[in-house]
J.: 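Handing you a structure now.
Numbers for residues simply follow the sequence, beginning at 1. Side chains are part of it too, since the values below use all heavy atoms of this structure and drop only hydrogens, waters and symmetry mates.
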Amino acid sequence: MSKDKQILIIDDDEDLSLIMAEMLEDYGYKAAIAKNGEEAFEQLSQNTWHLILLDINLPDETGFELCRELRKVSTVPIIFASARTSETDRITGFDIGGDDYLPKPYSMKELLSRVNALIRRTYGFAEEEKITTFGDVTVNTTARTVTKAGKAVSLSLREFDLLAYLCEHKNTATPKEKLLAEVWGAFSTVEASTLTVHIRWLREKLEDNPAEPQYIKTVYKVGYMLEVPG
């Protein structure tokens, strides 16, 4: 369940953050640390995260402010872990998009339990194969493989991540901004033209007629959609 799941710890307590990171990695997660909002934005723009552990009291801004910004572009699960334990703070945390609230001090055992529970609720209990088929294309997002007419298709990491996101949200129009945030990072400065180029590359590799795509559709004034019949 925890394999390849990446967790970002945003907390200015470096000693505690290191302890949390080591514990999470012992249980199969991948963990990184940001000490303030600036470092957090950098991490969020460069990587895809499966869960965020967020302190409220940060040196340059509050965790609440960071959460509000993040929720504009991402649904990544967030656990507030903070010494601020008032009912008002807890309610605020949930109201602005937090998924759980863990008051300090807490045990590493409880933290792991909360993380495991939220990962299960968000990503499922088991690593079952997730396969999407359209036309003669088969996408296995679990094994990260793509075939067309039975032959393997070579995709770059970003191309595959984009295709996997479209598969996960098939038959749903996704705004360009949402795709950029989820595939390139929540605070990425990548231009919309980069997304357009990657969509074109996917069409060239997967569509029979890239100029008139049957599956990877442009949705006027919105973004893109993987249209899968049935």
Side-chain angles (χ1 to χ4, degrees), residues 1-8 24 28-32 34 40-52 69-78 118-124 126-148 151-207 210 213-219 222-228:
M1 179 185 64
S2 61
K3 185 180 179 182
D4 295 330
K5 294 291 187 292
Q6 299 196 110
I7 297 176
L8 178 60
L24 290 168
Y29 293 104
K30 296 179 180 178
F41 289 139
E42 184 177 352
Q43 291 274 19
L44 290 163
S45 68
Q46 294 178 353
N47 298 286
T48 298
W49 303 97
H50 298 96
L51 185 143
I52 293 173
E69 288 299 309
L70 187 56
R71 279 292 174 258
K72 294 177 182 178
V73 292
S74 177
T75 57
V76 60
I78 294 174
L118 190 49
I119 289 288
R120 282 196 301 269
R121 290 200 302 270
T122 307
Y123 304 104
E127 290 292 338
E128 297 178 2
E129 282 198 323
K130 295 180 181 179
I131 297 175
T132 302
T133 301
F134 50 96
D136 59 354
V137 175
T138 299
V139 182
N140 186 323
T141 52
T142 306
R144 294 183 69 88
T145 59
V146 181
T147 61
K148 180 173 173 60
K151 296 183 179 179
V153 177
S154 177
L155 299 181
S156 69
L157 290 175
R158 199 70 75 181
E159 286 172 343
F160 185 89
D161 288 344
L162 175 58
L163 178 61
Y165 189 90
L166 291 172
C167 287
E168 186 178 351
H169 301 85
K170 60 182 180 290
N171 298 322
T172 302
T174 304
K176 294 178 182 179
E177 297 79 10
K178 179 76 170 175
L179 284 168
L180 285 168
E182 295 292 345
V183 178
W184 275 266
F187 297 97
S188 174
T189 57
V190 171
E191 298 291 334
S193 58
T194 300
L195 172 61
T196 304
V197 170
H198 280 73
I199 289 289
R200 187 181 78 236
W201 288 342
L202 285 178
R203 286 171 173 165
E204 290 173 351
K205 293 179 179 181
L206 303 177
E207 296 276 3
Q214 186 177 355
Y215 304 106
I216 304 172
K217 299 288 190 70
T218 298
V219 182
V222 179
Y224 299 100
M225 173 176 67
L226 178 65
E227 190 173 277
V228 180

J.: Which heavy atom in Tyr215 sits nearest to a heavy atom in Gly135, and how many Å separate them?
T.: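 Reported closest heavy-atom pair: OH-CA, 3.2 Å.
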J.: Apply salt bridge (charged side-chain N to carboxylate O under 4.0 Å, His left out) to Lys72 and list each qualifying residue two or more places apart in sequence or on a separate chain.
T.: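 Residues passing salt bridge (charged side-chain N to carboxylate O under 4.0 Å, His left out) with Lys72: Glu69.
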J.: Sequence neighbours left out, what passes side-chain contact (heavy atoms from CB on, under 4.5 Å) with Thr145? Give chain and number order.
T.: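 Here the qualifying residues are Asn140, Ala143.
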J.: Donor-acceptor pairs under 3.5 angstrom involving side-chain atoms of residues 197-204: please list them, not counting sequence neighbours.
T.:
from, atom 1, to, atom 2, distance (Å)
His198, ND1, Thr194, O, 2.9
Arg203, NE, Ile216, O, 2.8
Arg203, NH2, Ile216, O, 2.8
Arg203, NH2, Thr218, OG1, 2.8

J.: Could you walk me through whether Tyr29 and Ile119 pass the side-chain contact (heavy atoms from CB on, under 4.5 Å) check?
T.: CA-CA 11 Å; Tyr29 293 104; Ile119 289 288; 3.9 Å; yes
J.: Out of curiosity, Glu227 CD to Asn171 CG, how far, rounded to the nearest 0.5 Å?
T.: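 The distance works out to 6.5 Å.
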J.: Any side-chain heavy-atom pair from Val139 and Leu206 closer than 4.5 angstrom?
T.: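 In short, these two side chains do not touch, never coming nearer than 4.5 Å.
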J.: Side-chain polar contacts of residues 173-186 - donor-acceptor pairs under 3.5 angstrom, sequence neighbours left out - could you list them?
T.:
from, atom 1, to, atom 2, distance (Å)
Lys178, NZ, Glu182, OE2, 3.3

J.: Residues two or more places apart in sequence or in another chain: which of them pass ring pair (Phe, Tyr, Trp, His ring centres under 6.0 Å) with Trp49?
T.: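 By the ring pair (Phe, Tyr, Trp, His ring centres under 6.0 Å) rule, Trp49 matches no residue at all.
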J.: Measure from the side-chain N and O atoms of Tyr224 to the backbone N and O of Leu195, and report whether any donor-acceptor pair falls under 3.5 Å.
T.: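 Not at all, since once roles are kept as given, no pair shorter than 3.5 Å links the two residues.
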J.: Suppose the criterion is salt bridge (Lys or Arg N to Asp or Glu O under 4.0 Å): which pairs have a residue in residues 133-144, not counting sequence neighbours?
T.: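 Qualifying pairs: Asp136-Lys148, Arg144-Asp161.
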J.: Does any part of the side chain of Ile78, heavy atoms only, come nearer than 4.5 Å to the side chain of Arg71, both counted from C-beta?
T.: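 Yes, close enough: below the 4.5 Å cut-off.
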J.: Side chain of Arg120, backbone of Tyr123: donor and acceptor closer than 3.5 Å?
T.: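 The answer is no, because no donor-acceptor pair under 3.5 Å joins these two groups.
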J.: CG of Leu155 to CG of Leu163: how many Å apart, nearest 0.5 Å?
T.: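 Nearest 0.5 Å value for the CG-CG distance: 6.5 Å.
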J.: Who are the ring pair (Phe, Tyr, Trp, His ring centres under 6.0 Å) partners of Phe160, not counting sequence neighbours?
T.: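 For Phe160 there are no ring pair (Phe, Tyr, Trp, His ring centres under 6.0 Å) partners, ignoring immediate neighbours.
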J.: To the nearest 0.5 angstrom, please state how far the CD1 atom of Ile52 sits from the CG atom of Leu70.
T.: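 So the CD1 of Ile52 and the CG of Leu70 are separated by 4.5 Å.
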J.: Between Thr141 (side chain only) and Lys130 (backbone N and O only), is there a donor and an acceptor less than 3.5 Å apart?
T.: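 Judged by distance alone, yes, a pair lies under 3.5 Å.
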J.: Once rounded to the nearest 0.5 Å, what's the spacing between atom CG of Leu51 and atom CD of Gln6?
T.: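 Separation between the atoms: 12.0 Å.
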J.: Holding to salt bridge (charged side-chain N to carboxylate O under 4.0 Å, His left out), I want the full list of residues that pass it with Arg158, two or more places apart in sequence or in another chain.
T.: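 Testing Arg158 for salt bridge (charged side-chain N to carboxylate O under 4.0 Å, His left out), a comparison that skips the adjacent residues, returns none.
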J.: Nearest heavy-atom pair of Leu8 and Ala40: which atoms, and what distance?
T.: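 In terms of heavy atoms, the two residues are closest at CD2-O, 4.4 Å.
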J.: Using the side chain to side chain donor-acceptor pair (under 3.5 Å) criterion, which residues pair with Lys205? Sequence neighbours excluded.
T.: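 With sequence neighbours excluded, Lys205 shows a side chain to side chain donor-acceptor pair (under 3.5 Å) to Glu159, given in chain and number order.
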